[in-house]
**Q** 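Dropping the structure in here first, questions after.
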Amino acid sequence: MSIPEDFLKQLEQYSELSYREKKVFVEIFGLSKSRVHVAQELNISESNLSTCLTGIYKKFCITGNGPVKESRLREYLSKRYAQQKPSGDLTTDGVDDSIDTLVQEIRKQIKPYIIEKCGTMRVLDMSKPIELTGKQGIYTNVNILEAITGRRRLKVAELMQSCNYDNFERLGLSGVKQKRVSGLEVVQRYSKLMVLGKPGAGKTTFLKYLAMHCIEGGFQANRVPLFITLKDFAEAPKKPDILKFIVQLLSSCGVTHTSVVVEKLLKQGKALVLLDGLDEVREEDTKRVLQQIREFSNLFHTNQFVITCRIAAKEYTFESFTEVEMADFDEKQIAIFARNWFQLTDPVKSQRFIQKLKDNKPIQELASSPLLLTLLCLVFGDSGDFPANRSELYQEGLDVLLKKWDAKRNIEREQVYKNLSLQRKEDLLSQIGLTTFEQKDYFFKQKTAEAYIADFIRNLRNADTDPEVLKLDSEAVLKSIEAQHGLLVERAKGIYSFSHLTFHEYFAAREIVANSDWETLLEHITDKRWREVFLLITGMMRKADDLVWMMKIQIDKVLAQDEKIQQFLVWVNEKAISVVTTYKPAAVRASYFVFTDEIMNNITICNSNGKYICYSDLAIKIDQRLFQKYQNNEISIDNLMSFLISNSLDVDFYHKNLCSLVEDISNSDFQQQIREIQNELPSLTQDREVLSQWVVTDRDVWVEKLRSVIIKNRNIGHDWQFSDIQKKLLNQYYDANKLLLDCLNSDCYVSREVRQKIEDTLFLPIKS
């Protein structure tokens, strides 16, 4: 059969052929000339002609041997041409009217199935399904990245530009800066779309939403949504092709004359074909399913196609499909999801949930994954809070990614390395986590990751230690961890990181606990980026007495060699002892510690009930509200005096506060000395220029007199004149003590005796 040359040249594959391939294609399939005739006419050898035909078959995705390929391509082209020919029985308007009526009839018949299949969502430990769309729907609009992040050709240094090792911040390590586009907008833009994403990124939910939005008339209301789970298709009895599978699907929905109806529907481009979970197809079925999708999407190319697949599981391409990537949730999407989730049970709880996330950056990080966000909502819904022991929460998140997510959906993944169990995978990730975290390698090259993996698996029982085999196995294991669990992610071409910094920290902590490597840990007591690792480790331990006491000793060593700072700590203790108060001594020592020249803005101390809390008011910078705080007993007289001599204030403020201060001083000599100092202030009745001049020329001298009187009578106000290095040490000492108290305030198990011993020795000099 000859096919018109004009029709052949309209095919999208035609534009992909080379100049010579186009000539051969038209001569053989359009004009039905023999191979010998074509070779002579184009003046090419039989060998070159065969090469051209091979290229043509490849472009049209035709498989087989010899003459079989030519027959298959002729059959394909004949079918394509047949579906372009209008029916002789109807006018063009009649065809349009007929197909539109047919579409609406099928939409009505298939709607109950779509609602049943796609209208709800139930994952993890949810007790019942929840609606996906509608007023009470959980669905949150997704965003799409049109450029695949793992294919960016960036260097590690470029990925780390938003991070500062010394002033460590969590933000930016996994952030993607490229433009996000609405998922619905992208589907409308491309007729053939491959949506890639990490495990739990919301790919299936997005596809279900498209089906529901379509059947409800909000999107492509002139098409019939066909939602196909590719795992179900691949494992269907008798292995039908996609066309027969759709026929069976519509037949089960009550559609009559199904074969004729489906062909008419597809030939007119009236289907929205949604193919979910290509990565979930078993290995033995993959080749057949891929071929089916290629042939079906080429044969019925005027329809809309969307396929979903895990990003690292895709080692093949559909040439006519545009590939995009699911973006992580941002803060706005997280908040919308939370409001939708809690709207039925407790709307107020959603606000608490969002606030708790903001207060806890490591947990907030996990919420960028829709699957892990669902887990967080489930956990929070039970207790109205997140677990005090965060390591338990992170372990539950890992269990979801490593085991539950596939198991709940009856998906079996191929184990690419038979001796690497899930437990060993956790051990491997822990080893990589600690090694890279110690080296500040938040991003690491693929070869580096594979070397770590090879080093690990060579020690497994019955492992093949041949270098070439190890290389292949390590590459396969890396891809398996990325594709199946999403815990390692390719951030740019050949550059990996953990999916979340939270998991990176967790695995580093797990490795230290497994090896009791306290020496390595304590080296980082003053390193802010290790803060979460310390908190996780103390929470993981059965009993943390020895570790927290070693932390206390290591913290004291920070200032042990500086004699001036030790003298300062002696003064801190002397002042604390001299004060009569209901607060514990450690709390008073902490408050005096922050009086010092620009050391801190706030301090964490323990109150009389033994709870460690933050008293930022004890070190608040002086302003016009300070005296009111003093009057309300929010700060002490020592606080006020300390501020009076450590800030650049105007004459009005000194007059007002010294008058009130004098009234509260019980020592008459001290009171008299303050009055004399006050009398040296210029009168407020003087010209403002005179007062301003006093500030410039005389205030510093006056303040030093006030300082001397206060030091003599209250032993506060010393100008320690710490160097920049000493100030840095004091800040490190403060941060480390705060970390220690945060550990004690967490869910870690520490005996009362050790807690008391630490409290009794906080902010004391070494020899006290």
Side-chain angles (χ1 to χ4, degrees), residues 124 174 198-200 310 312-313 362-363 365-366 369 371-372 375 379 387 389-408 411-439 441-442 444 448-463 470 473-490 496-517 520-521 532-542:
L124 303 178
S174 59
K198 299 186 287 290
R310 287 189 181 180
I363 295 179
E365 228 181 287
L366 299 183
S369 160
L371 175 61
L372 296 178
L375 171 65
V379 170
N389 191 331
R390 290 205 292 269
S391 65
E392 294 177 359
L393 177 63
Y394 301 160
Q395 182 60 58
E396 189 172 353
L398 289 171
D399 286 344
V400 166
L401 293 173
L402 286 167
K403 294 177 286 191
K404 291 183 180 180
W405 186 225
D406 282 342
K408 290 279 186 180
I411 296 168
E412 294 182 10
R413 304 280 179 183
E414 182 187 15
Q415 290 296 319
V416 296
Y417 194 79
K418 59 184 178 182
N419 290 327
L420 197 60
S421 64
L422 288 175
Q423 176 64 34
R424 294 285 83 83
K425 281 184 180 179
E426 287 196 63
D427 294 341
L428 167 61
L429 288 165
S430 297
Q431 187 170 300
I432 295 174
L434 179 58
T435 302
T436 52
F437 197 81
E438 278 190 293
Q439 298 170 356
D441 289 341
Y442 300 113
F444 38 87
T448 302
E450 290 172 1
Y452 292 144
I453 294 170
D455 184 60
F456 182 87
I457 62 179
R458 71 158 48 91
N459 295 309
L460 297 175
R461 185 173 60 85
N462 299 328
L470 276 175
D473 283 344
S474 61
E475 182 179 351
V477 169
L478 177 61
K479 289 297 181 183
S480 168
I481 292 173
E482 181 183 12
Q484 295 182 18
H485 314 304
L487 290 169
L488 293 176
V489 178
E490 193 170 15
Y496 281 77
S497 79
F498 281 86
S499 59
H500 299 85
L501 178 57
T502 298
F503 286 146
H504 198 166
E505 293 165 330
Y506 174 85
F507 281 120
R510 185 180 182 274
E511 182 72 359
I512 289 175
V513 172
N515 296 297
S516 300
D517 191 5
T520 295
L521 179 67
E532 186 68 13
V533 177
F534 275 94
L535 289 166
L536 288 170
I537 287 174
T538 52
M540 290 177 184
M541 297 177 69
R542 167 63 183 83

**Q** Are His485 and Leu422 packed together at the side-chain level, in the sense that at least one heavy-atom pair is separated by less than 4.5 angstrom?
**A**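 Yes, at least one pair of side-chain atoms sits under 4.5 Å.
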**Q** Side chain of Arg310, backbone of Pro199: donor and acceptor closer than 3.5 Å?
**A**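 It does not hold such a pair.
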**Q** Could Glu450 and Lys479 be called an ion pair, given the rule that one side-chain N must be under 4.0 Å from one carboxylate O?
**A**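 No, no charged N to carboxylate O under 4.0 Å.
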**Q** Does Glu511 have any salt bridge (Lys or Arg N to Asp or Glu O under 4.0 Å) partners at least two apart in sequence or in another chain, and if so, which?
**A**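 In terms of salt bridge (Lys or Arg N to Asp or Glu O under 4.0 Å), with neighbours along the sequence ignored, Glu511 is linked to no residue.
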**Q** Should Ile432 and Phe507 count as side-chain neighbours, where that means a heavy-atom distance under 4.5 Å?
**A**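 No, side chains not in contact.
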**Q** Mind checking whether Gln395 and Glu426 have side chains closer than 4.5 Å, heavy atoms only?
**A** yes
**Q** Identify the residue among Leu478, Ile481, Asp455 that makes a side-chain contact (heavy atoms from CB on, under 4.5 Å) with Leu428.
**A**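 Among Leu478, Ile481, Asp455, the one meeting side-chain contact (heavy atoms from CB on, under 4.5 Å) with Leu428 is Ile481.
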**Q** For the backbone of Pro362 and the side chain of Thr502, can you confirm whether one donor and one acceptor N or O come within less than 3.5 Å of each other?
**A**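 Such a contact is found between Thr502 side chain and Pro362 backbone.
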**Q** With side chain to side chain donor-acceptor pair (under 3.5 Å) as the test, pick out the partner of Tyr394 among Arg390, Glu396, Glu392.
**A** Arg390
**Q** Look up atom CZ in Phe503 and atom CG in Leu488, then write down how far apart they are to the nearest 0.5 Å.
**A**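 That separation rounds to 11.5 Å.
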**Q** With Asp427, which residues qualify under side chain to side chain contact (heavy atoms under 4.5 Å, CB included), at least two apart?
**A**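 Residues passing side chain to side chain contact (heavy atoms under 4.5 Å, CB included) with Asp427: Gln423, Arg424, Phe456, Arg510.
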**Q** Any side-chain donor-acceptor pair under 3.5 Å between Glu482 and Tyr496?
**A** yes
**Q** Without swapping roles, check the side chain of Arg458 against the backbone of Ala463 for a donor-acceptor pair under 3.5 Å.
**A**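 Pair absent, no side-chain N/O of Arg458 close to backbone of Ala463.
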